[in-house]
Chemist: 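Right, I'll just put the structure down here and ask away after.
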Amino acid sequence: MSYFDVPEIKFEGSASRNPFAFKHYNPEELVDGKPMKDHLRFACAYWHTMRGTSSDPFGAGTALMPWDDGSDSLANALKRVDVFFEFIQKCGLDFYCFHDRDVSPEGRNLAETFDNFDAVTEKLLAKQKETGKKLLWGTANLFSHPRFMQGAGTSPSADVFAYAAANVKKAMDATLKLGGEGYVFWGGREGYNTLLNTDMKRELNHLAQLLKMAVAYKAKIGFKGQFYIEPKPKEPTTHQYDTDTATCMNFLREHGLLGEFKMNIETNHAELAQHTMAHELAVCVDNGILGSIDANSGTQNIGWDTDEFPTNLYMATDVMLAVLKMGGFTTGGLNFDAKRRRESFQPDDLFLAHIAGMDTFARALKIASEIKKDGFLEAFVADRYASWNSGIGAKIEAGEACFDCLSEYALKQGEPLATVKSGRQELLQATLNSFIR
Ligand code: XLS
Ligand code: NI
Ligand code: NI
């Protein structure tokens, strides 16, 4: 039984005009001695690929999904697993990610919901064994159902908090069962729309309690995967508590949780936080907490999460420079948390969208590797800070200077303007451009 009238996607090289072929992604090709597929660790998002209908606030879904009967039945959910695995297999995506509710429907009560989930994860496990595909990370959807309208871990209702915790526990069990390499906490509706009705301090303490329980439960069941927080500043709530990496780090530090979590950084979220993706990744790399990446893109002039497939080579190059700088992914990867545009409604558009993203990152990997080997950026930055390597600079860095001695130094030294060198931003941008080919 085949659901897609599309062949297995193969590498044909940059001269190929076959839309159903990779022009740059050649999984086994070595870059710096490591196969491209191990550098990139591409993952498919179950929610967008299988459950995205391409509806928007002004119109119904347009996506053609001939395999889906549109019902919330368990049988339909089980059938989607077959479709999904055919898709990731043909598209050469080695990993996938899911929320509990993407793969299995709510039941009439929590026990039935759990039973549904068990039935589907059994099938996911069987399919993983059959195909060799792996789970990059799992998570719980604590934002779609009306019960979570005012948050989950930060809901004003303790009963909702307990319900959310039960679902996190279950989703962690499932991730362990499926050999998942990570587990994501994205804030969902953890935030507020107005402070008039919100006890922010109490809500944040509750969120910390939820995470502490998750850490304890992780040890209890022996889940060795990596926990990630996925920052996002707004949408669905006006203010999301996990605004950006720096905010998340401070929260984790305050609650003694810093060593337990890394970040899952999403391009579109970085942009919504008025940062660049490069900034968010740099904060992570500098602090040793870059875990995984939700590879997508926003639209610069739009203020919400459009989750487009990433095709911007400059942005992808920034991403791969950061990934190479940290020495490559360990548990993480590049998850296409991306949806095709509403107008791209045909089933084969799922392939074309992923091919576009995969080829973009394959090129970016090669470009970033060349930039790294050339070393011009590192050399420039090292030279820019050379005054800190000896003399007064080294003394300050070592914590051996004080205001009195610096004042004495400055009075003797005179005007420092002559020691300031050009930042050469335009030169660096032009040099970087010459690698993008
Ligand atoms: C939503 C988030 C979400 C997470 C997983 O904006 O990106 O899809 O990645 O819960
Ligand atoms: Ni995401
Ligand atoms: Ni998002």
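What you see below is based on every heavy atom in this structure, not just the backbone, and it leaves out hydrogens, waters and symmetry mates. For ligands, and for the atoms within them, numbers begin at 1 and follow the listed sequence.
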Chemist: With a 4.0 Å cut-off, would you call Glu370 and Arg437 a salt bridge?
Modeler: no
Chemist: Could you tell me if the ring centre of His99 sits under 6.0 Å from that of Tyr46?
Modeler: no
Chemist: For Phe185, run the ring-ring contact (aromatic ring centres under 6.0 Å, His included) check against Phe143, Phe227, Tyr228, Trp137 and tell me which one passes.
Modeler: Phe227
Chemist: Would you mind counting protein N, O or S atoms that sit less than 2.8 Å from the Ni ion (ligand 3)?
Modeler: 3
Chemist: Pick one: which of Lys373, Lys372, Lys366 meets salt bridge (charged side-chain N to carboxylate O under 4.0 Å, His left out) with Asp32?
Modeler: Lys373
Chemist: Any ion pair linking Lys134 and Asp94 (charged N to carboxylate O, less than 4.0 Å)?
Modeler: no
Chemist: Using the test side chain to side chain contact (heavy atoms under 4.5 Å, CB included), find all partners of Glu122 that sit at least two apart in sequence or belong to another chain.
Modeler: Lys177
Chemist: Here's a test for you: under ring-ring contact (aromatic ring centres under 6.0 Å, His included), which of Phe84, Phe20, Phe351 qualifies with Phe4?
Modeler: Phe351
Chemist: Return the set of residues passing ring pair (Phe, Tyr, Trp, His ring centres under 6.0 Å) with Phe22 (not counting sequence neighbours), or none when no residue passes.
Modeler: Tyr25
Chemist: On the six-membered ring of Phe117, is Arg101 placed so that its NZ or CZ lies under 6.0 angstrom from the centre and within 45° of the ring axis?
Modeler: yes
Chemist: Tell me the residues surrounding ligand 1, counting only those with a heavy atom closer than 4.0 angstrom, sorted by chain and number.
Modeler: Trp47, His99, Trp137, Trp186, Glu230, Lys232, Glu266, His269, Asp294, Asp305, Asp337
